[in-house]
Amino acid sequence: MDRDLMRLMRSVKHPSHLKQIHALVIAAFPSLASFLVRRLLSVPMVDYAREVFDRIPQPEQSLSNSLISVYSRLSSHEEAIEAFRSMIRNGVCIDSYTVPPIVKSCLSAADFDLGKQVHCLAISCGLDTDVFVQTALMNFYSRGGELASAERIFEKMDTKDPVAYNCLISAYSKSGDVLAARKMFDEMPEKSTASWNSLISCCARNGDYRGALRFFERMKDDKCTPNEITLASVLSICAKLGDLNAGLSAKKFIDGNNLYRNTILSTAVVEMYLKCGAVGEARREFDKMKKRDVVTWSAMIAGYAQNGRPDEALELFENMKNENIKPNDVALVSVLSVCADSGSVKACEEIGCYVESQGMASNVFVASALLDMYSKCGNISKSRQIFLNMPKKDTVTWNSMIVGLAMNGLSEDAFAVYKQMIETGGQPNDITFIGLLTACSHAGLVEMGLEIFRHMKIDHEIVPQIEHYACIVDLYCRSGRLKDAYDFICRMEVEPNAVIWSSLLSASRIHMNIEFAELSVKKLAKLDPDSSWYYVLLSNIYSSTGHWKEALNVQKMMKGKKVQKVAAYSWVDVDNKLHRFLVGDTSHPRNTEVYGTVNGLAMQSTWVDHDFDSGLGL
DNA sequence: TTAGGGTTAG
C-alpha cells in the first residue's frame, strides 16, 4: 500500500490531488509525510508543503535542506532564513547541501552577519573543503563587497572550480580592478562562455567599450560559443557607444546563429536601436516581441522621451497600463520627465495624481522627478511640499529642488537649500553648481557667482564643465559686462562652444555692441554652420544702430548661402489649451490684451543690480 | 559564475 501511494503521488497531474492524498497520509501513513512534502515542494505548493513539514516531529536533514533550497530559489529569502534558524534550533546538522541556498538567501536579504555565522558553522562541521560550499561562500563574499574573504577562500581551494574563477573576475570587475580581473581570466585553465562573458562585462562596466567588443571578437576566434548573455552584453555596449554598425552586426550574429531571443535579449535589441537613434526600427522590434516585461516598456518609453518624441512616450505609457503591466519607479521617472518637458499642466497634474494614487510618491527617484516636474510647470509650492515630505533625499533630489527654485527666480531659497544640503551631509556634484550659478544669473549676482565658481573648484574639487563656464559667461552678459565675459571666454580652459558665443551675441544685441556681435557671429558660423539665427540677429543689430549697409550685406549673404530664417514659436498653456505665437504676432483674437499684459509685466520687473549676502558662508 | 530600463543641467 505504501508503494502504491508513493506511485500515486508521483503520477498525479493536478496539485489539488496531492491534498486529497494528504488526507490519506495523515489518517493511515504518517511515515510518508516526508515523501509528500517533497512532492509538494516540486509542484511547487510551498505553503502547503510547509504546513505538512511543520507537523513532522523530527524532519530529516535532507528534507530541511529541500525546504530552504526551494524558498531560496523562489526568492522567499526571509522564509529560507527562518527555516534555517529552526533547523539549527531543532539540533539538525547542516551538510554541504544546506550551505549554498542559505548563503544565497543571506546575501539577497542583506543579512551578512548570518552569512558569516553560516561560514563559521561550515568550518566547525568540516564542510569548508567542499567545493560547492566554497563557491557559494566566495559568491557571498564577493557580491557582499568583501573581496579579501573571497580571495582567501579561493587560495584555499584544492581544485579551483571554474565557477570560482568567474566569481572573482566579476568581483574584481565590480570593484573597478580591471587588471586583477584580467589576470584571473588569463590564469584560468579552461575558459567557458561565462568566463568570456564576465570579462566582456568587466570591460563594459569599467567604461572600456571598445575593449569589450575586441574580447567578443577574440572569443569567437577562440571557438568559444557566445550565448544570449554574451549578445545582450554586446548589444548594450553598442547602445552605449551609439554604434549602429556594431549593433547591427551583433543582431546579425543572433539571427545567423539562431540564438533564443528571451525577453532580456530582445529588449537589448530594442535598446540598441533606441540609443543609436533608430526609433522606428526599435518600435518594429518592440511590436514583434511576444512577451514584454516592465523593463521592455520602460526602455521604449524612455527611448521616445530621449529622442524628443514625448507624445508617443505618453501614448505607450497608456498602452502599458492597458496591458496590465504595472509601471515601476523607472517607468514613472521617464514619464514624469516627459510631462515636465511637455509644457502641459494638465498632463503634469494627471500623472502627478496617478503617482500618488499608486503610492509611489515616496520613492526617492519618483519623488525627485515629481518635484522637478512641478517646478517646471510653475507649481513651485507643490515641489516644496514634496521635497519637505521626502524621508530620504539623494543628490538628484537636492539638485532638482535647487534648480527648480533657481529657474523660478527664487535665488535666495535655492542658496538656503544648498546650505541645508551641505549641513545634512549631501554630496553636491557638477549639476548642483549649475543650479546655484543659474540662481546667481537670474538674480544678477555676479560676484557671488564667481565666488561659487571658485568654491566649487577648490572646496569640492569639481572640474568645471563647459556648462559651468557658460553660466559665468551668461552671468557677465546679463549684467552688461560684455568685456569681462569676453576676457573670461579667452581664459577658459576648454574650447568655447556655440552656447557660449550665443550668450555673448544675445547680450551684444541687448547692449548694441557691434564689435562683440561680429566676433560672436564669426565663431558661431564656424561652430554651427547649419543655423542662421545669428545672422538674423546680427542684421537686426546693424539696422537698429543705423548701419544699413552692413545690414543689407548680411541679408545678401544669407540669400547667397540659401540660409532660411526658421520661425521660432513660443507657446503658453491657458486652461489646458496651448497657444502658439511668433515675435510680433498679431493673429491671436485677443492680441491687444496679450500685449497689454506683457507690457505691464515688463514695467513691473526691476533689475537687481547689487549683490546681497546670502549667508552661504562661502 | 555571466545579461536589460530611469531622474537633475544644457
Side-chain angles (χ1 to χ4, degrees), chain A residues 135-136 138-139 142-143 161-171 173 184 188 191-202 204-205 226-237 239-240 262-272 274-275 292-303 305-306 327-338 340-341 363-373 375-376 394-404 406-407 428-438 465-471 474 497-500 502-503:
Chain A
T135 314
M138 274 190 63
N139 189 38
S142 39
R143 281 175 177 254
D161 192 87
V163 173
Y165 276 102
N166 294 341
C167 175
L168 269 188
I169 293 174
S170 156
S173 154
M184 228 354 83
M188 282 187 84
K191 294 162 180 62
S192 65
T193 298
S195 320
W196 283 98
N197 291 349
S198 298
L199 185 68
I200 290 170
S201 84
C202 171
R205 192 191 293 272
N227 62 10
E228 306 84 76
I229 298 182
T230 323
L231 268 298
S233 301
V234 167
L235 281 167
S236 139
I237 289 160
K240 286 189 179 105
N262 60 25
T263 312
I264 294 182
L265 186 56
S266 301
T267 305
V269 174
V270 172
E271 178 73 6
M272 182 274 291
L274 286 172
K275 288 277 156 70
R292 306 178 196 97
D293 64 13
V294 67
V295 177
T296 320
W297 285 94
S298 304
M300 194 66 222
I301 291 171
Q306 287 154 4
N328 63 6
D329 52 351
V330 179
L332 289 175
V333 158
S334 287
V335 173
L336 285 166
S337 149
V338 165
D341 291 336
N363 174 295
V364 64
F365 304 107
V366 175
S368 301
L370 196 60
L371 83 85
D372 168 67
M373 181 190 77
S375 86
K376 279 185 180 149
D394 66 6
T395 299
V396 176
T397 317
W398 290 104
N399 289 354
S400 301
M401 194 69 248
I402 291 171
V403 169
M407 295 293 187
N429 64 7
D430 48 345
I431 297 172
T432 318
F433 290 101
I434 288 175
L436 292 175
L437 293 171
T438 307
Q465 319 259 309
I466 190 87
E467 287 83 3
H468 297 104
Y469 288 109
C471 285
D474 185 59
N497 63 7
V499 178
I500 304 262
S502 309
S503 289

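Bear in mind that the values here come from a model prediction, so they are computed numbers and not experimental data. Numbered from 1 within each chain, the chains take letters A, B, ... in sequence-line order.
Across the protein-nucleic acid pair, A:Ile431 atom CD1 and B:dA9 atom C1' stand 5 Å apart, rounded to whole Å. The nearest whole Å value for the distance from the CG atom in A:Leu332 to the C1' atom in B:dT8 is 17 Å. As rounded to whole Å, 15 Å separates atom P of B:dA9 from atom CD of A:Gln465. We find that CG of A:Asp474 is positioned 15 Å from P of B:dA9, with the value rounded to whole Å.
Considering only residues two or more places apart in sequence or on other chains, A:Ser173 meets the side chain to side chain contact (heavy atoms under 4.5 Å, CB included) condition with A:Cys202, A:Arg205, A:Asn206. Residues satisfying the ring pair (Phe, Tyr, Trp, His ring centres under 6.0 Å) test with A:Phe365, not counting sequence neighbours, are none. In terms of the side chain to side chain donor-acceptor pair (under 3.5 Å) criterion, A:Asp430 has no residue partners (sequence neighbours excluded). Residues passing the side chain to side chain donor-acceptor pair (under 3.5 Å) test with A:Ser368 are A:Thr397, sequence neighbours excluded.
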Distance-only criterion, 3.5 Å: show the donor-acceptor pairs between side-chain atoms of residues 161-171 of chain A and protein atoms not counting sequence neighbours.
{"residue": "A:Asp161", "atom": "OD2", "partner": "A:Val163", "partner atom": "N", "Å": "2.8"}
{"residue": "A:Asn166", "atom": "OD1", "partner": "A:Ser195", "partner atom": "OG", "Å": "2.9"}

Protein heavy-atom contacts under 4.0 Å, written 5' to 3' over nucleotides 2-7 of chain B as B (base), S (sugar-phosphate only) or - (none), form the string BBBBBB
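When each of A:Val294, A:Val295, A:Ile301 is tested with A:Ser298 by the rule side-chain contact (heavy atoms from CB on, under 4.5 Å), just one qualifies, namely A:Val294.
If you check every strand for non-hydrogen atoms under 4.0 Å, A:Met407 touches sugar and phosphate atoms only.
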